[in-house]
Every structure is written in C-alpha cells, then in structure tokens.
Amino acid sequence: MELLKKIFPFSFKKSEDVANLVISILLHLVAAILAGAVIGLATLIVGWIPIVGAIIGWALGVIGSLIELYVIAGIVIKILVYAKVIK
C-alpha cells in the first residue's frame, strides 16, 4: 500500500464530500487531456520524418497509453479511497 501511496500521491488525499471528489476527478481528466495534446503535437511535428518519425511516433503512443493508464488508475484509487475501501 505504501508503494501505491508513493506512485499515486494525489489520489490518496482525503475527499470530505462529493464535490471535492468530482473536482479531483476532473483535475485528473484535464491532466490527461493536456498530456494527450502535447503528445499529439509532438507526434505531428516529428511525424513527417520518414523512419525516425515512425519510431518516435510509436514511442509517443506508448507514453500516451501509459499516461492514460496512470490517470484511470488514479481515478479508480481516488474513488476507492473516498468509499473507504482502501486507506
């Protein structure tokens, strides 16, 4: 559990009411959208390079998938902490 608290520190902060929970979830989603926009822009910039662009585009796709996984896991953990399933 301590490892999860180190990896997802924002998700383990206590939410006293539903409004704080919704705001926290929205912050997670905004962070994912911003990261996706930056990765999309970077892919667009380097995508025109013949071979290297494809490799960088693939790597950025993997990074984008990991960011999405992190955000989804953070939201799930936040909801479980709010429901007092995990402490």
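Quick note: numbers below take in every heavy atom, side chains included, and nothing from hydrogens, waters or symmetry partners.
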Quick one, [X] and [Y] - any side-chain contact, counting heavy atoms below 4.5 Å?
X	Y	value
Val52	Val46	no
Val71	Ile75	yes
Tyr82	Val18	yes
Val85	Ile79	no

Next on the checklist: Working to the nearest 0.5 angstrom, can you tell me the gap between Ile77 CD1 and Ile72 CD1?
Outcome noted: 12.0 Å
Item to check | Nearest-0.5 Å distance, CD1 of residue Ile45 to CD1 of residue Ile56 | outcome: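 Rounded to the nearest 0.5 Å, the CD1-CD1 separation comes out at 11.0 Å.
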Item to check | Whether His28 and Phe10 hold their rings parallel, tilted or perpendicular, with breakpoints at 30° and 60° | outcome: tilted
Please check if [X] and [Y] belong to a single hydrophobic cluster, counting links between Ile, Leu, Val, Met, Phe, Trp and Tyr side chain heavy atoms closer than 4.5 Å.
X	Y	answer
Leu4	Leu69	no
Leu21	Leu29	yes
Val76	Phe12	yes
Leu66	Phe8	no
Leu3	Leu80	yes

Item to check | Stepwise side chain to side chain contact (heavy atoms under 4.5 Å, CB included) check, Val30 with Leu34 | outcome: CA-CA 6 Å; Val30 167; Leu34 288 176; 4.1 Å; yes
Item to check | Backbone of Ile7 reached by a side-chain donor or acceptor of Tyr70 within 3.5 Å | outcome: yes
Next on the checklist: Donor-acceptor pair, distance only, cut-off 3.5 Å: does the side chain of Thr43 make one with the backbone of Ile39?
Outcome noted: yes
Checklist entry - Which atoms form the tightest heavy-atom contact between Ser11 and Gly74, and what is the distance? => result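 Reported closest heavy-atom pair: OG-O, 2.9 Å.
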